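The structure displayed is predicted, hence computed values, not measured ones. So you know, we letter chains A, B, ... as the sequences are listed, proteins then strands, and number each from 1.
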Protein chains: 2
Amino acid sequence: MVKIKKDNSTEHKILEAARQIFFDKGMAGARMQDIADAAGINKALLHYYFRSKERLFENIFIDAIGNLFPKLSSILESEKTVFEKIELICVEYITQMQQTPYLPIFILSEASRQPEHFLKQIWNKHKPPLKPFVYMIETSIKQGKIKPVHPMQLLMNILSLCIFPFMAKPLLQQVTSINKKEYDAMMKERKKTVPQLVIQSIKK
Amino acid sequence: MVKIKKDNSTEHKILEAARQIFFDKGMAGARMQDIADAAGINKALLHYYFRSKERLFENIFIDAIGNLFPKLSSILESEKTVFEKIELICVEYITQMQQTPYLPIFILSEASRQPEHFLKQIWNKHKPPLKPFVYMIETSIKQGKIKPVHPMQLLMNILSLCIFPFMAKPLLQQVTSINKKEYDAMMKERKKTVPQLVIQSIKK
DNA sequence: GTCTATAACTCGATAGAC
DNA sequence: GTCTATCGAGTTATAGAC
């Protein structure tokens with residue numbers, strides 16, 4: 001039998017609470033008191049489970065990065081055409097962002113404050129499927145299936161189009177006075193338009 | 001005669017230092033001591049010029065946002081075709097990002113933490129040229145110059161493609177082991193490819 | 001494991017001399 | 001205007017009882 005019951009251990013409650021607070025306020029803005037409150041315990045217990053705020057943060061940060069490349073590897077390894085794969089990647093990323101829209105800002109703003117060697121360690125735990133992607137594009141070009149493009153430029157385009165709109169949501173919503181519902185509808189629509197746009201740019 | 005000499009007043013030194021520290025560490029992460037050190041003065045003087053950290057931050061934040069829509073209005077008002085205008089907007093944004101690559105992360109992460117009413121005030125000081133853009137797209141569609149597209153979706157695509165690669169730079173550079181020089185070259189190349197991509201998506 | 005109480009420290013802000 | 005010295009609030013972290 002598989003674990004179905006929710007994990008109600010204190011450690012789990014703390015991690016849930018810490019995620020919420022850190023994502024919202026960032027490392028510097030988060031308070032151990034806030035996290036303790038959100039977890040329904042007291043500060044001392046936080047230190048009992050995770051020696052320091054620093055360590056608790058690293059836990060959350062590393063785990064968050066693990067969620068960056070969700071099902072990408074399996075998509076890339078699948079038996080599909082380049083176009084199908086690219087569409088799936090876009091849809092997968094946008095879906096992921098719909099569920100955790102605060103993730104990209106958190107990761108990008110905290111990553112720029114972490115020392116390099118720390119980040120390097122993380123990539124070893126959570127290898128991004130970069131080489132498979134580059135390989136897919138390069139062979140597709142050789143086989144004449146798509147126009148010659150710089151694989152990294154293409155990747156940047158995909159990531160930009162999928163992720164940025166979620167990062168800019170608070171600001172764009174304000175500026176454009178688009179309400180939450182409308183904005184969400186736009187994001188849903190992008191699951192179709194973004195792959196179209198990307199594929200159009202490489203189709204011969 | 002115009003002011004050519006550098007403004008060496010204390011106030012100016014403080015603002016320079018505060019910009020640097022706030023951009024780097026964010027509001028919560030920045031320390032008044034850091035800012036004082038960077039400005040070559042002491043904490044007390046910071047409070048003499050700007051009553052509180054809060055006020056100093058607002059100064060920087062509002063000014064930073066003011067730099068977001070620099071030449072966009074004049075581009076939109078100019079006598080050019082839609083395609084030329086879109087190309088100019090992309091080039092203008094990417095150029096801006098090359099000069100101040102830390103700006104988007106700073107603005108977006110702080111914006112998501114600021115209360116709404118505070119942001120609303122800012123848009124009154126620094127009106128983003130949103131309506132001119134939407135108007136341009138809508139009339140171009142009516143005149144049959146471009147395909148029918150949702151103006152906001154188009155704007156999102158432009159902003160995403162121009163801005164995101166700079167936000168993700170620290171992370172992408174690490175993951176891909178692309179060095180600084182190569183990355184900068186890629187960004188330069190995007191001044192051509194991004195407008196092409198965007199224009200291709202609306203050209204009939 | 002979990003709590004209360006408190007130590008140890010950081011940081012924004014002010015007082016007051018020059 | 002600029003400085004040194006210091007206060008006081010808020011925070012991380014620990015001691016010690018249960």
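Taking the side-chain hydrogen bond (donor to acceptor under 3.5 Å, both in side chains) definition, one finds that B:Lys191 meets it with B:Thr95, B:Gln98, sequence neighbours left out.
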In a table with atom names and distances, give each donor-acceptor pair under 3.5 Å that connects a side chain of residues 133-142 of chain B to protein atoms at least two apart or in another chain.
unit_1	atom_1	unit_2	atom_2	d
B:Thr139	OG1	B:Tyr135	O	2.9
B:Thr139	OG1	B:Met136	O	3.1
B:Ser140	OG	B:Met136	O	2.8

Pairs under 3.5 angstrom only: tabulate donor-acceptor contacts from the side chains of residues 27-40 of chain A to other protein residues two or more places apart or in another chain.
unit_1	atom_1	unit_2	atom_2	d
A:Arg31	NH1	A:Ala28	O	3.3
A:Gln33	NE2	A:Asp37	OD1	3.0

Please report, to 0.1 Å, the donor-acceptor pairs under 3.5 Å made by any side chain of residues 171-185 of chain A, with sequence neighbours excluded.
unit_1	atom_1	unit_2	atom_2	d
A:Thr176	OG1	A:Leu172	O	2.6
A:Thr176	OG1	A:Ile178	N	3.4
A:Asn179	OD1	A:Lys181	N	3.1
A:Asn179	OD1	A:Glu182	N	2.8
A:Lys180	NZ	A:Asp184	OD2	2.7
A:Glu182	OE1	A:Asn179	N	3.0
A:Tyr183	OH	A:Pro165	O	2.7
A:Asp184	OD1	A:Lys169	NZ	3.2

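Under the ring-ring contact (aromatic ring centres under 6.0 Å, His included) test applied with A:Tyr102, the options A:Phe166, A:Phe22, A:Phe23 reduce to a single match, A:Phe23.
Distance A:Arg31 CZ to C:dT10 C1': 11 Å, rounded to the nearest Å. Distance, B:Arg55 CZ to C:dG12 C1': 15 Å, rounded to whole Å. C:dC11 atom P lies 13 Å from atom NE2 of B:His47, rounded to whole Å. As a whole-Å value, the separation of B:Phe57 CZ from C:dC11 P is 18 Å. Nucleotide C:dT10 holds its P atom 16 Å from the CE atom of A:Met32, rounded to whole Å. Nucleotide D:dG10 holds its C1' atom 13 Å from the NZ atom of B:Lys53, rounded to whole Å. The distance between atom CD of B:Gln33 and atom C1' of C:dC9, rounded to the nearest whole Å, is 15 Å. Here D:dT14 presents its P atom at 13 Å from CD of A:Glu54, a figure rounded to the nearest Å.
The pair A:Glu16-A:Arg19 meets the salt-bridge criterion, since a charged nitrogen lies less than 4.0 angstrom from a carboxylate oxygen.
Residues from residues 19-27 of chain B placing a heavy atom under 4.0 Å of any atom in DNA chain C do not occur.
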Give every pair of a protein N or O atom and an N or O atom of nucleotides 1-5 of chain D that lie under 3.5 Å apart, one pair per line with the distance.
unit_1	atom_1	unit_2	atom_2	d
D:dT2	OP1	B:Thr10	OG1	2.8
D:dT2	OP2	B:Thr10	OG1	3.1
D:dT2	OP2	B:Tyr49	OH	2.5
D:dC3	OP2	B:Asn42	OD1	3.3

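A side-chain donor-acceptor contact under 3.5 Å links B:Gln96 to the backbone of B:Asn67.
Using a 4.0 Å heavy-atom distance criterion, A:Ala30 is classed as a sugar-phosphate-only contact.
Rounded to the nearest 0.5 angstrom, B:Ile65 CD1 and B:Ile60 CD1 are separated by 12.5 Å.
B:Ile14 and B:Leu45 make their closest contact through CD1-O, 4.2 Å (heavy atoms, listed as atom of the first residue, atom of the second, distance).
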